[in-house]
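First the structure, in the form of structure tokens, and then the observations on it.
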Amino acid sequence: MAGMFDLELHDAPDPEFISDDEGPTADLDTTLNVTEIEEQFRQQGPLGVSGEHIETLEISENTVNPGKVKAGPQDFELLKVLGKGGYGKVFQVRKITGKDCGSIFAMKVLKKATIMRNAKDTAHTKAERNILECVKNPFIVDLIYAFQTGGKLYLILEYLPGGELFMQLEREGIFMEDMACFYLAEITLAIEHLHGQGIIYRDLKPENILLTTQGHIKLTDFGLCKESIDEGLMTHTFCGTIEYM
Ligand code: ADE
């Protein structure tokens, strides 16, 4: 069983369109860590379904992918880069296979080697995937597919054409009171929903709020969330984005 998740046996080449700047992670420690993280991802509930080369993970229920068709990087055509961060990149992609062929998504690509340098990043990545899988709410970005290759983790999220609330704020300079009330009301509903599920969202900022075509908000980026919070209990971690503290 131990060898089952060995990278050497199951490592599929990553698609060429997303270059791996850091080359292969061949040393023993990293290999073991990658093996661990793959196993953990696989054990985390209904997302864990193994494929032949590419380990494919799917969410149990969603409207875009009701037939639970497996997906991998080869099912998506890269359109443009939407964002970059320490974690990896977010691309705009088009699905080129299956029932949802032609649909546009946001693809968040995380490098396992980068995530695993830091135990906290590993935990944050797992938290993000867990939360996005479980939480379904009109004001929270929807996870459509999740899968992995030997070197990368992929989250396929609904694409939000309105971009970041941050950009909207930059364009407008300030929000009029009615606009601010509208956004705040929707953000409150999103946060309230998370709290109802025992999740604390700890990185609230306009960069993490995306807009739909109709101008509604959706929270994204769940890497800093804390899960399984009991009512009345305090959490003391100092975290978030320095500029907003
Ligand atoms: N940037 C980061 N995530 C995004 C998403 N889901 N839709 C549009 N732009 C994004």
Apply side-chain contact (heavy atoms from CB on, under 4.5 Å) to Ile187 and Leu204, showing your working.
CA-CA 9 Å; Ile187 294 163; Leu204 192 57; 4.0 Å; yes
Other than Ile174, what residues sit in its cluster of Ile, Leu, Val, Met, Phe, Trp and Tyr side chains whose heavy atoms are under 4.5 Å apart, directly or through others?
Met176
Evaluation steps, side-chain contact (heavy atoms from CB on, under 4.5 Å), between Val93 and Leu79:
CA-CA 5 Å; Val93 294; Leu79 299 177; 5.6 Å; no
Side chains of residues 158-170: which donor-acceptor pairs under 3.5 Å do they make with residues two or more places apart or in other chains?
residue: Glu158; atom: OE1; partner: Lys218; partner atom: NZ; Å: 3.4
residue: Glu158; atom: OE2; partner: Asp142; partner atom: N; Å: 2.8
residue: Glu158; atom: OE2; partner: Lys218; partner atom: NZ; Å: 3.1
residue: Tyr159; atom: OH; partner: Gln92; partner atom: NE2; Å: 3.3
residue: Gln168; atom: OE1; partner: Arg171; partner atom: NH2; Å: 2.8
residue: Gln168; atom: NE2; partner: Glu172; partner atom: OE2; Å: 3.4

So do Leu110 and Thr125 actually touch side chain to side chain, heavy atoms under 4.5 Å?
yes
List for me each residue that meets side-chain contact (heavy atoms from CB on, under 4.5 Å) alongside Asn208, sequence neighbours excluded, and say none if there are none.
Tyr201, Asp203, Lys205, Asp221
Which atom names give the shortest non-hydrogen contact between Ala106 and Leu82, and what distance separates them?
CB-CD1, 4.0 Å
Value for CD1 (Ile104) from CZ (Arg94), rounded to nearest 0.5 Å, stands at 4.5 Å
For a 4.5 angstrom cut-off between non-hydrogen side-chain atoms, does Met107 reach Val109?
yes
Can you check side-chain contact (heavy atoms from CB on, under 4.5 Å) on Leu194 and Val135, steps first, answer last?
CA-CA 8 Å; Leu194 291 172; Val135 173; 4.0 Å; yes
Spacing of Thr149 atom OG1 and Tyr154 atom OH [to the nearest 0.5 Å]:
4.0 Å
Supply the atom-to-atom distance Lys108 NZ to Arg129 CZ, rounded to the nearest 0.5 angstrom.
13.5 Å
May I ask whether Leu157 and Ile96 are part of the same hydrophobic cluster, defined by side-chain heavy atoms of I, L, V, M, F, W, Y residues being less than 4.5 angstrom apart, directly or through others?
no
Just how far is it from atom CD1 of Ile144 to atom OG of Ser103, taken to the nearest 0.5 Å?
9.0 Å
Hey, mind stepping through Leu155 and Leu143 against side-chain contact (heavy atoms from CB on, under 4.5 Å) and telling me if it holds?
CA-CA 7 Å; Leu155 298 178; Leu143 176 69; 3.9 Å; yes
What I'd like to find out is whether the side chain of Lys95 reaches to under 4.5 Å of the side chain of Phe105, using heavy atoms alone.
yes
Could you give the distance from CD (Gln197) to CG (Asn137), rounded to the nearest 0.5 Å?
8.5 Å
So Ile115 and Lys111, do their side chains get closer than 4.5 Å, heavy atoms only?
no
Verify, without hydrogens or angle tests, whether Lys70 (side chain) and Phe147 (backbone) share a donor-acceptor contact under 3.5 angstrom.
no
Distance check, rounded to the nearest 0.5 Å: Lys89 atom NZ versus Leu78 atom CG?
9.0 Å
Could you pull out all residues at least two apart from Phe139 that satisfy ring-ring contact (aromatic ring centres under 6.0 Å, His included)?
none
Pairwise side-chain hydrogen bond (donor to acceptor under 3.5 Å, both in side chains) hits with a residue in residues 176-192, at least two apart:
Glu186-His216
Got a sec, which hydrophobics cluster with Leu184, joining ILVMFWY side chains under 4.5 Å apart, including via others?
none
